[in-house]
Amino acid sequence: MDQIVCFSKGWEGPAQLLDQPLRSGYSLGMGEPRIIDIALDDRTILWRSEDIEQEKKIAIFDLLESNYFAPAGHEGPFRILLRVEDNRLAIDLADAAGQALDTIRLGLARFRRLIRDYFAICESYFRAVKSDSPKGLEAIDMARRGVHNEAAELLQECLEGKVELDFDTARRLFTLICVLHIK
């Protein structure tokens, strides 16, 4: 059976959006331009290292703690499912009650170099953290932040007119886009 991985424990697909509790501090009020739940469609991913899994968990946690996400023509809060279809990012939007709203699609060709660079830098970072002498850790971390920042700006640019999002939300979404590209 295909599996969809979600931050909400036990969630297996969009049909279960209604059964998921909202994060503490969130209400069902309309007009809240933010993400209250996020899932990744993991069907194309064969394996993920513990380090990448940890990156994903941190990105999701931070995203749910604080984000600004305002799709054109829709009022939030939102539950979203990120997936890749035909080399495009698909962002399935649902309202707080789980009712499907829209799917936003975005070509990913412009992100290939950034995704490749991100994984190369992460690999260096994880090796340095685990080594006896983490020399250059600060430089590696600065390079990783630089790639993240460039990707966040590109994501904001590519979504212009479709979704308004703040810089930190774009950074965290880029991390999750990278996770979806693990083969």
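Index from 1, following the sequence. Note that these values count all heavy atoms, side chains included, but never hydrogens, waters or copies made by symmetry.
Using a distance-only test at 3.5 Å, with no hydrogens or angles considered, a donor-acceptor pair links the side chain of T169 to the main chain of Y68. In this structure a side-chain-to-backbone donor-acceptor pair under 3.5 Å is present from N67 to I35. Remark: side-chain polar atoms of Q99 are not paired, donor with acceptor, to backbone N or O of A94 under 3.5 angstrom. The backbone N or O of R105 sits less than 3.5 Å from a side-chain atom of K162, completing a donor-acceptor pair.
Across A152 and R171, no two heavy atoms sit closer than the pair CB-CG, 3.5 Å. Heavy atoms only, all atoms of each residue included: P77 and I36 are closest at CB-CG2, 3.5 Å. Heavy atoms only, all atoms of each residue included: A90 and T103 are closest at CB-CG2, 4.0 Å. Residues S124 and I140 share a closest heavy-atom pair of O-CD1, 3.9 Å.
Considering CD1 of I38 and CD1 of I60, their distance stands at 6.0 Å, rounded to 0.5 Å. Between atom CZ of residue F167 and atom CD of residue Q156 there is a gap of 6.5 Å, rounded to the nearest 0.5 Å. Rounded to the nearest 0.5 Å, atoms CZ (F69) and CD1 (I80) are 4.5 Å apart. Put simply, CZ on R34 and CG on L165 are 16.0 Å apart, with the number rounded to the nearest 0.5 Å. Distance check: D62 CG to I58 CD1 gives 7.0 Å after rounding to the nearest 0.5 Å. How far CZ of R79 is from CG of L101: 11.5 Å, rounded to the nearest 0.5 Å.
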Please step through side-chain contact (heavy atoms from CB on, under 4.5 Å) for the pair L173 and L82, ending with a clear verdict. CA-CA 9 Å; L173 286 174; L82 298 179; 4.1 Å; yes
Could you walk me through whether I177 and L155 satisfy the side-chain contact (heavy atoms from CB on, under 4.5 Å) test, starting with their C-alpha distance in whole Å, then the side-chain angles of each, then the deciding distance to 0.1 Å, before giving a yes or no? CA-CA 10 Å; I177 291 168; L155 186 57; 4.2 Å; yes
Starting from the C-alpha separation in whole Å, work towards a yes-or-no answer on side-chain contact (heavy atoms from CB on, under 4.5 Å) for L40 and K56. CA-CA 10 Å; L40 303 181; K56 180 192 90 167; 3.5 Å; yes
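Following chains of ILVMFWY side-chain contacts shorter than 4.5 Å, one can reach L89 starting from F119, so the two form part of one hydrophobic cluster. No continuous path of ILVMFWY side-chain contacts below 4.5 Å connects M142 to F174, so the two sit in separate hydrophobic clusters.
Salt-bridge formation is not detected for the pair E85/R88: no Lys NZ or Arg NE/NH1/NH2 atom is positioned less than 4.0 Å from an Asp or Glu carboxylate oxygen. E65 has no carboxylate O lying under 4.0 Å from a charged side-chain N of R172, or vice versa, which leaves the two without a salt bridge.
Checking Y118 against E123 by side-chain atom types alone, no donor-acceptor pair falls below 3.5 Å.
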Sequence neighbours left out, cut at 3.5 Å: what donor-acceptor pairs do the side chains of residues 106-116 make with other protein atoms?
| from | atom 1 | to | atom 2 | distance (Å) |
| --- | --- | --- | --- | --- |
| R113 | NH1 | D117 | OD2 | 3.1 |
| R113 | NH2 | E150 | OE2 | 2.5 |

